[in-house]
2 protein chains.
Amino acid sequence: MIFSKACEYGIRASVYIAQKSVSKERCNIKDISKEIDSPEAFTAKILQTLVHAQIIQSVKGAFGGFEITQKNLRKIKLIDIAIAIDGTLYDKTCVLGLKHCSENQPCPVHNQFKHIKKDLLCMMQNTHLLAMSTSVEAGLSCLKIA
Amino acid sequence: MIFSKACEYGIRASVYIAQKSVSKERCNIKDISKEIDSPEAFTAKILQTLVHAQIIQSVKGAFGGFEITQKNLRKIKLIDIAIAIDGTLYDKTCVLGLKHCSENQPCPVHNQFKHIKKDLLCMMQNTHLLAMSTSVEAGLSCLKIA
DNA sequence: TTTAATTCGGATAAAATTGTCCTATTTAAT
DNA sequence: ATTAAATAGGACAATTTTATCCGAATTAAA
Ligand code: SF4
Ligand code: SF4
């Protein structure tokens, strides 16, 4: 629903790393997967993708781990993570999965759905990583339940 | 994205069958999959699901096929088809895939997303099968592209 | 009654997604 | 130098989703 499992983990991991990075702390995959309740090895793979996409940074070796630059903390938005992991959103397939649909050749739900699609994209573009992490830090939201 | 492939085919097939049912025509799986551009055997499986869910009706044997009752033509909405095929929407997993999240224990995007989620659900509840089929019949929308 | 046109449903296959395991490599501390 | 703690990345396994195939059952028409 909306995102793949990989993307869900990726977003949650990013928010956790961001939270730590605000106070200049680095975190390792073991902590991350524990704190966001996700499979460790699979999450590690996803983090690699995010490193390649230059959304997060990794430091190898002892006392290494993952971190997010102060610049990215402000720059990265939800949509950047989603695109890095799930690929281009909506371009390939939309609600009814029509190939090459358009305003001229729409599916029967296009007019109802286009607003929602716009809102969703807009929301992803306006949801900043830092905002998500401060919300968690303030105890207003969480990255796992129990 | 939003729906599974199975659900996409299921919705498109339902709209096509509805379109035919308006003029009391019955259609078979060969026609359906040709007209909505979907894999025949897979679509047949999905239609079986919709028959079991009593959304469409099937008539076996020669000159048989699928049809939708006049009553269902008016009663069925997009959400009914989606639930029949993809199961309960959003209940299991939402944007960030948190288990047992709630207004009290929300993920960091809950406040931004809840409106979109409501709009989406609302749209599905208000999109009638008959409306979709008349839109296609009128040439205002289509179920396949080329 | 035979035949042809259908859906039904079980078995299976292919592909994509999700997940695990293990070794190599890197790096800081001792 | 050695060691311990990390990420990197390839190979593989499990699961889910998507898709195909085929024989059985049904039904109307010839
Ligand atoms: S809603 Fe619009 S963009 Fe999405 S599948 Fe339908 S026609 Fe295409
Ligand atoms: S948006 Fe709300 S309902 Fe959806 S996963 Fe987040 S907390 Fe749960």
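These numbers come from the heavy atoms of this one structure, side chains and all, not from hydrogens, waters or symmetry mates. Chain naming here is simple, since letters A, B, ... match the order of the sequence lines and numbering starts at 1 in each.
- Put simply, the side chain of B:Asp37 reaches to within 4.5 Å of the side chain of A:Lys99, judged on heavy atoms.
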### Summary
The contact string for nucleotides 1-11 of chain D, one letter per nucleotide 5' to 3', using protein heavy atoms under 4.0 Å with B, S and - for base, sugar-phosphate only and none, comes out as ----BBSSBBB
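- For residues 61-85 of chain A, there are no ring-ring contact (aromatic ring centres under 6.0 Å, His included) pairs, not counting sequence neighbours.
- Note: CD (B:Glu8) to C1' (D:dT18) measures 12 Å, nearest angstrom.
- Atom pair B:Phe42:CZ and C:dA15:C1' shows a separation of 12 Å (rounding to whole Å applied).
- Remark: C1' of D:dT17 and CD1 of B:Ile2 are 18 Å apart, rounded to the nearest angstrom.
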#### Entry: Verdict with reasoning, B:Leu98 to A:Arg12, per side-chain contact (heavy atoms from CB on, under 4.5 Å)
CA-CA 10 Å; B:Leu98 288 200; A:Arg12 279 162 39 203; 3.7 Å; yes
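- Straight-line distance from the CD atom of B:Glu40 to the P atom of D:dT20: 9 Å, rounded to whole Å.
- Look at B:Tyr9 and you won't find any side-chain N or O under 4.0 angstrom from OP1 or OP2 of D:dT18.
- Using a cut-off of 4.0 Å between Lys/Arg side-chain N and Asp/Glu carboxylate O, B:Asp31 and B:Lys20 are scored as not salt-bridged.
- Judged purely by distance below 3.5 Å, without hydrogens or angles, the side chains of A:Thr43 and A:Ser33 never pair a donor atom with an acceptor atom.
- Look at NZ on A:Lys5: it is 15 Å from C1' on D:dT17, rounded to the nearest Å.
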### Task
Verify side-chain contact (heavy atoms from CB on, under 4.5 Å) between B:Glu25 and B:Gln19, making sure each step is shown before the conclusion.
CA-CA 9 Å; B:Glu25 284 175 75; B:Gln19 207 188 337; over 6 Å; no
